[in-house]
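Report on one structure; see the data block that follows.
Chain letters run A, B, ... following the sequence lines, proteins first, then strands; residues in each count from 1. We use all heavy atoms of the structure for the numbers below, so side chains are in, but hydrogens, waters and symmetry mates are not.
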There are 2 protein chains.
Amino acid sequence: MSSIKDVSRYAKVSPSTVSRVLNGTAPVNSETKKRVLKAVKKLNYQPNAFARGLVTNRSGSIGVIINEISSPFHSAIVQGIETVVEPTGMHLIVSSGHNKLQPERNALNFIVQRRPEALILRLETLSDKEFLDWLRSEPAQTLPIILLGRYIPELSKSCVCLDNELGGYLATKHLIDMGHKKIAHISGPLSMKDSCDRLQGYRRCLETSGLSYDETLVIEAKFTEESGQQAMQRFFDQGKDFSAVFIANDQMAMGALYTLRQLNKRVPEDISIVGYDDLLFARYLYPALTTIRQPLAAMGEAAARLALRALEHKTIDIKQKFEPELIQRQSVLRFA
Amino acid sequence: MSSIKDVSRYAKVSPSTVSRVLNGTAPVNSETKKRVLKAVKKLNYQPNAFARGLVTNRSGSIGVIINEISSPFHSAIVQGIETVVEPTGMHLIVSSGHNKLQPERNALNFIVQRRPEALILRLETLSDKEFLDWLRSEPAQTLPIILLGRYIPELSKSCVCLDNELGGYLATKHLIDMGHKKIAHISGPLSMKDSCDRLQGYRRCLETSGLSYDETLVIEAKFTEESGQQAMQRFFDQGKDFSAVFIANDQMAMGALYTLRQLNKRVPEDISIVGYDDLLFARYLYPALTTIRQPLAAMGEAAARLALRALEHKTIDIKQKFEPELIQRQSVLRFA
DNA sequence: CTGAAAGCGCTTACAG
DNA sequence: CTGAAAGCGCTTACAG
């Protein structure tokens, strides 16, 4: 692969000059410039990003950690990040933590070794404590770090999040407002903060509305379509009595809808459903899913803006706290 | 950020020794090793991947180009690639071509500058000719390049693909077998090979079945949910008469199903639908979508295996030609 | 406007 | 088993 030296030889100039025309860092005689460009084209020269990064100490990249690049939830976030990062000419290094502690640590180290100029982290398994310890270590001192979907008071300036407790509350409130009294819940993994918060909001709403919290009406599932299917099946296997279910994400809701159809239960006539996230597919389900909207792309964008703002030492205002919002569609019916 | 020098000073050894214990490239006295490891931990040392890559000429990365990282179609592919690459300790650099020529070129250059050890490309807009020209240029000479979803005879050994013409044929055949005679088609952008092939399969099936191809029964859309919605709407606005539609991907089919519901058309009683891809959500739609399965994750895995095989100079057999397969669910009914 | 030289942070023969 | 030296491919003061 040709190097800057090859180009310089071909153009009969010094490597310094080649560098200057390529980066526009200093004026170069237009004749010389032409020769260099011709050589670059001729040799199909592509600068070595390693060498460049090593000397400039700028990688041009932003590190991103999410759970699973292939989930629709996370790809909505990545898409938001991409939207704002791409126009700047920087790029993303995204690594999956797979919702497991060691892989998440590995992802972090992996990315740090690539010397990103900023980090956008949606950490799932790393504890606040371990994360704060890491923050105090050297690698983290120098670069802007944005936390997505987690709020750590010490880092409030760098967190982008949404009040999931409120989201869970809103979902449940809507069902109660519609006259439902027996409201089940399919939660995500309770090892995840989001799940706990939504469950907590569900519980609080029940209790402040004079309904009692019944833990046998709660099943913990895994945020996947299939686990939603199974959870819903389990409610019926157990002969539970309920007229509505708040399901902690849309993917599980999609699975649950499927199970209900198998069981010949009509939604919303027999069972009302509220999902969470408002992923793209939610409106296309049948019945169109009533859900709590979480503006994932906008949150990704905000995180990216925050990161860029830190890099550019700007002081523009960026929204960091997002509100969950009830999106009413067709999966909830007033309880008669 | 601490460097290998800092570590070596702290451990009172030479940088060479630090390098040796970290990479295990040469035997090191166990006492010394301990000291080094302690220093590494103490300083939270993370080797600079640029420096390492520069000298070893190994980046430990595989470059991937796809259209849009956030689409469910492409993330299925990426997930397949990730599955096989991650266990090797290598990582992915993925860049989006956005289905536009210049961004696709940029993505290619961008990735090449990162000196990947192999390339997995799902090129959409770059012509075969331009691509082959590029292949002949230097950067491409040295590294294994796998083509996903495109077949170039000169590179047959490096292509992973699926016969989309056959897929289009199978979809249409199924509808004809079910007694349909007026079969519409919503195609993807005809600038994309996949779309043309599927359309061609549709057409061939019609003609070999004694039905005539009617171009007014074909609408070109954009492979997005919304464009599927609009296309279906258009058919009705135009007062077209048909009993079935072959829709060139599941995302558009999802949108079309929505439109049909708005229009009070029952699927499959009034209109039968066959989609394409069999994305995860297809089985969860209502009615569950009959579709042509394209094993995207498996194809991604195959591409990754092909890339790794080339890197390791192995000679294992890897499947490169995948077959489209009809998945019968609930969206097609025999035409009475 | 241009070139020679130093240096970024590593690894790897080479020597001992 | 260990260290000194060279070098990977760039950029950037410095000098002219």
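Taking OG of B:Ser75 as the reference point, atom CD1 of A:Ile69 lies at 8.0 Å (rounded to 0.5 Å). Between the NZ atom of B:Lys42 and the OG atom of B:Ser2 there is a distance of 11.0 Å, given to the nearest 0.5 Å. Taking CD from A:Glu117 and CG from A:Leu308, the interatomic distance works out to 10.0 Å, rounded to the nearest 0.5 Å.
The pair A:Glu301-A:Arg305 counts as a salt bridge, with a side-chain nitrogen and a carboxylate oxygen less than 4.0 angstrom apart.
Residues from residues 27-43 of chain A that place a heavy atom under 4.0 Å from any atom of DNA chain D: there are none.
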_Chi angles and distances behind the side chain to side chain contact (heavy atoms under 4.5 Å, CB included) call for B:Arg115, A:Gln46_ = CA-CA 9 Å; B:Arg115 302 294 190 262; A:Gln46 297 288 352; 4.1 Å; yes
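Residues B:Tyr45 and B:Leu22 form a side-chain contact, since some pair of their non-hydrogen atoms from C-beta on lies under 4.5 Å apart. Taking the side chain as every heavy atom from C-beta outward, B:Leu147 and B:Phe131 approach each other to under 4.5 Å.
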*Once each nucleotide of nucleotides 5-12 of chain C is scored for protein heavy atoms under 4.0 Å, what B/S/- sequence comes out, 5' to 3'?*
B-BBBBSB
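No donor-acceptor distance shorter than 3.5 angstrom exists from the side chain of A:Asn99 to the backbone of A:Asn67, with no hydrogens or angles considered.
Sparse packing is recorded around CG of B:Asn57, with 12 or fewer heavy atoms of other residues, nucleotides or ligands lying under 6.0 Å away.
Cation-pi geometry between B:Lys193 and B:Tyr151 is not met at under 6.0 angstrom from the ring centre and within 45 degrees of the axis.
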*Under 3.5 Å for both distances, Watson-Crick or G-U wobble, that's the pair rule; now give the dot-bracket for DNA chain D, with | marking pairs to another strand and [ ] for crossing ones.*
|||.||||||||.|||
